[in-house]
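First the proteins, then the strands, lettered A, B, ... as listed; each starts at 1. Values below: all heavy atoms of this structure, side chains included; hydrogens, waters and symmetry mates excluded.
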There are 2 protein chains.
Amino acid sequence: MHGAAAVEDRVFRALADPSRRAIFESLTRGEAAVKDLTARFDISQPAISQHLAALKDAGLVRHRREGRCAFYRVDPRGMKPLIDWIAHYRAFWTKHIGRLERLLEGLDE
Amino acid sequence: MHGAAAVEDRVFRALADPSRRAIFESLTRGEAAVKDLTARFDISQPAISQHLAALKDAGLVRHRREGRCAFYRVDPRGMKPLIDWIAHYRAFWTKHIGRLERLLEGLDE
DNA sequence: CAAACATATAAGCCCTTACTTATTTATCGT
DNA sequence: ACGATAAATAAGTAAGGGCTTATATGTTTG
């Protein structure tokens, strides 16, 4: 519970940076090597590696080594802290704006 | 479309700070004046006001003035950018871990 | 009106962070 | 083995963020 809060913290901090969100989004389209991401974005390779390390530390991403390439992919379980945090306020939402779930229903379309 | 991204950015940045999340959580328990929040937390009144300004700028919070008191309350609509961002990856989730919606179903219990 | 109160803003400080270039480590192809 | 490629790490820098104290603005009370 103290460790869980730390994970929550890392997730929120990791997603706070727009470059990191863009990299994360790019990875949802499929596994990618660092060199691919370096080609896609306008920042240096070390910057990419540092962002990936932050995402990995938050549990949002996993990596696999194959030869001299390092492939990164999204770990969907990493989103759980975020989902949990949102769910925590559901009671509040329903009390105040009724069926905010309509927003969430988009998730079931 | 440039404005929407800017809002998303402000929301993620606002929630990145644990003090701000704590203040937000405190506000979900009910409207509160700045002095109440100042009493609840161990940071100065200006720090509270600055956090509230960030939350307000992100659209997560609204404020109402009554005499010399400023009451802040959560604006649930401010969560929409966050929900939308999560929903954006739903297709990916279902492909990779099947019914992650179970996590989200907690929102409908 | 004056003093106390509630909040916002200003200015400054320190720590964090996101980036860069340079270097290291490891792996592949020739 | 050598040179090229892929990624991680190191070190330094510049900007941003969160906090503080001090001050300004507006409001209630005596």
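For A:Arg21, the CZ atom sits in a packed shell: over 12 heavy atoms of surrounding residues, nucleotides or ligands are nearer than 6.0 Å.
Between the C1' atom of D:dA7 and the NE2 atom of A:His51 lies a distance of 16 Å, rounded to the nearest Å. With rounding to whole Å, A:Asp57 atom CG is found 11 Å from C:dT17 atom P. Rounded to whole angstrom, the span from the CD1 atom of A:Ile48 across to the P atom of C:dC19 amounts to 9 Å. Protein atom CZ of A:Arg64 is 15 Å distant from nucleotide atom P of C:dT27, rounded to whole Å.
In plain terms, the two heavy atoms of B:Phe24 and B:Leu60 that are nearest each other are CE1-O, 3.6 Å. Taking all atoms of both residues into account, the shortest heavy-atom contact from B:Ser49 to B:Val34 is OG-CG1, 4.0 Å. The minimum heavy-atom distance between B:Val7 and B:Ala58, with the atom names listed, is CG1-O, 4.3 Å.
For B:Ser19, a side-chain nitrogen or oxygen approaches OP1 or OP2 of D:dC19 to under 4.0 Å. Taking only side-chain nitrogens and oxygens, B:Ser44 comes nearer than 4.0 Å to OP1 or OP2 of D:dT20. Using a 4.0 Å cut-off, no side-chain N or O of B:Arg20 falls inside it from OP1 or OP2 of D:dG17.
Where A:Glu66 and A:Ala16 meet DNA chain C, the nucleotide closest to each residue was compared, and A:Ala16 sits on the side nearer the 5' end.
Panel note: side chain A:Arg10, backbone A:Phe12; no donor-acceptor pair is recorded below 3.5 Å.
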B/S/- contact track for nucleotides 5-14 of chain C, protein heavy atom under 4.0 Å: BSBBBB----
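The side-chain contact (heavy atoms from CB on, under 4.5 Å) test with A:His63 singles out one residue from A:Glu31, A:Lys56, A:Arg73, and that residue is A:Lys56.
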